Amino acid sequence: MAANEFDLISRYFSALGPRQPGTRLAVGDDCALLQLPADQQLCVTTDTLVADVHFFADTAPEDIAWKSLAVNLSDIAAMGARPRWIQLALTLPEVDENWLAKFSQEFARKLRLHDCQLTGGDITRGPLSVTITAMGQIREGRALTRSGAQVDDLVIVTGSLGEAAAGLKYAHARTMTADRMNLVKRLQRPEPRVALAERLVGLATSAIDISDGLLADLGHILAASNVGAELDIEQLPLSPSLIICEGTDEARTLALSGGDDYELCFTLPSRHWQEVQTLARKLEVPVSRVGFIQEEPNLVCRLNRNLYEPQATGYQHFSKRGSALGN
Ligand code: ADP
Ligand code: MG
């Protein structure tokens with residue numbers, strides 16, 4: 001970017017988030033230098049949010065900061081890792097210091113909430129987009145991958161599903177009710193389930209974060225684990241606001257096939273269910289048992305014991321990730 005790139009970096013991005021043990025060098029050199037204890041693995045993910053594709057261009061800078069970080073932390077959570085370091089590549093159409101100040105302040109707040117440090121990045125000129133690389137740590141060989149689901153495991157999801165997809169409909173609605181606002185909030189401010197996920201290591205057999213709808217994302221676990229599942233549609237966690245705004249049928253469809261929830265879906269041997277419920281209660285994260293893993297390699301949905309045919313399948317092998325505008 002222009003010569004004042006260095007001013008912008010030092011003003012807005014030089015020391016965000018709590019310094020992590022193991023940070024030998026952060027913002028200011030050609031690279032950051034990060035050290036992990038010998039028995040730990042680095043868990044790395046990158047996600048890009050592009051204006052008009054993944055968020056409305058008029059989204060508040062605070063909401064963009066929150067969501068861009070949250071979707072990356074959600075991937076770290078899905079591995080059961082502890083997030084530590086963040087790299088931030090910003091593409092900006094213009095230098096708008098008011099925008100940058102708000103973005104940076106909220107970014108710093110979210111970093112503190114999750115005890116992560118910003119260790120570097122880039123700033124370039126172009127259509128607004130935010131690319132984040134999140135790095136976490138996990139004991140060697142302990143990560144929750146997609147491939148470990150076992151026959152008879154329970155299928156568990158956190159939080160409630162479908163709200164973000166409904167929120168997309170109401171983001172620019174002329175009449176805004178409290179319930180619609182709740183839905184829009186879920187679209188703009190997903191809550192990565194990092195704390196619970198870390199505690200699932202050694203208990204869950206596989207995990208994924210739900211960004212493309214439960215059917216699609218559970219589908220990834222099933223394919224990677226070479227198993228199938230049965231889902232009990234009655235057990236889908238649906239919020240009161242979602243049911244009020246959409247009705248139960250549409251709420252179920254959105255829970256199964258809508259995007260942007262950033263809840264966790266994991267598989268769990270039933271002997272650990274009590275323990276996970278206790279843990280979840282302590283961390284104030286709702287958990288719902290929505291089905292079980294079966295040998296037959298397909299995904300069957302049942303409602304009151306009858307076969308249930310989902311309205312729209314989220315199971316798209318080539319769907320783009322985290323795409324709120326459904327590109
Ligand atoms: P280089 O030319 O070597 O890529 P830059 O001028 O892009 O260096 O960046 C200088 C320093 O500032 C580097 O340490 C880089 O990681 C950091 N940095 C640049 N942009 C950001 C940003 N948006 N957030 C955090 N750190 C940044
Ligand atoms: Mg650079």
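Remember, it's a predicted structure, so these values are computed and weren't measured experimentally. Read the numbers this way: they start at 1 and go in the same order the structure lists the ligands and their atoms.
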Should G28 be counted as touching ligand 1, given the test is an N or O pair under 3.5 Å?
->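 N/O-N/O distance under 3.5 Å: yes.
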Backbone or side chain, does any N or O of I9 fall under 3.5 Å from an N or O of ligand 1?
->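 No, since none of the N or O atoms of I9 sits under 3.5 Å from an N or O of ligand 1.
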Just go through D29, L25, D122, L100 and tell me whose heavy atom is the nearest to atom 20 (N) of ligand 1.
->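 Going through D29, L25, D122, L100 one by one, D122 has the nearest heavy atom to atom 20 (N) of ligand 1.
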Compare L92, D30, T119 and give the one whose heavy atom is closest to atom 3 (O) of ligand 1.
->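 Comparing heavy atoms across L92, D30, T119, the nearest one to atom 3 (O) of ligand 1 lies in D30.
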Within a distance under 4.0 Å of any heavy atom of [X], pick out the atoms of ligand 1 and give their elements.
| X | value |
| --- | --- |
| G120 | 16 (O), 24 (N), 25 (C), 26 (N), 27 (C) |
| L118 | 24 (N), 25 (C) |
| F6 | 6 (O) |
| I123 | 20 (N), 23 (N) |

Can a non-hydrogen atom of Y12 be found less than 4.0 Å from any atom of ligand 1?
->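 For ligand 1, residue contact (heavy atoms, under 4.0 Å) with Y12 is absent.
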Would you indicate whether the side-chain heavy atoms of E309 and C301 approach each other to under 4.5 Å?
->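 Side chain of C301 against side chain of E309, heavy atoms only: no contact under 4.5 Å found.
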When you measure from the side chain of T267 to the backbone N and O of S206, does any donor-acceptor pair fall under 3.5 Å?
->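 Such a contact is found between T267 side chain and S206 backbone.
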Short side-chain to backbone donor-acceptor contact, D261 and G162, under 3.5 Å =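 Checked: pair present.
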Spatial distance of atom CD (E5) from atom CD1 (I123) [nearest 0.5 Å] =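 Reported to 0.5 Å precision, the distance equals 5.5 Å.
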Same cluster or not: are L254 and L303 linked, directly or through other Ile, Leu, Val, Met, Phe, Trp or Tyr residues, by side-chain heavy atoms under 4.5 angstrom apart?
->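 Per the 4.5 Å side-chain linkage, L254 and L303 are co-clustered.
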Check against salt bridge (Lys or Arg N to Asp or Glu O under 4.0 Å), E191 and K110 = CA-CA 11 Å; E191 199 49 72; K110 186 85 175 138; 3.5 Å; yes
Between D212 and H220, is any side-chain donor less than 3.5 angstrom from a side-chain acceptor?
->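 Result is no, nothing qualifies.
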Counting only heavy atoms, which portion of Q87 has something under 4.0 Å from ligand 1: side chain, backbone, both, or neither?
->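 Neither part.
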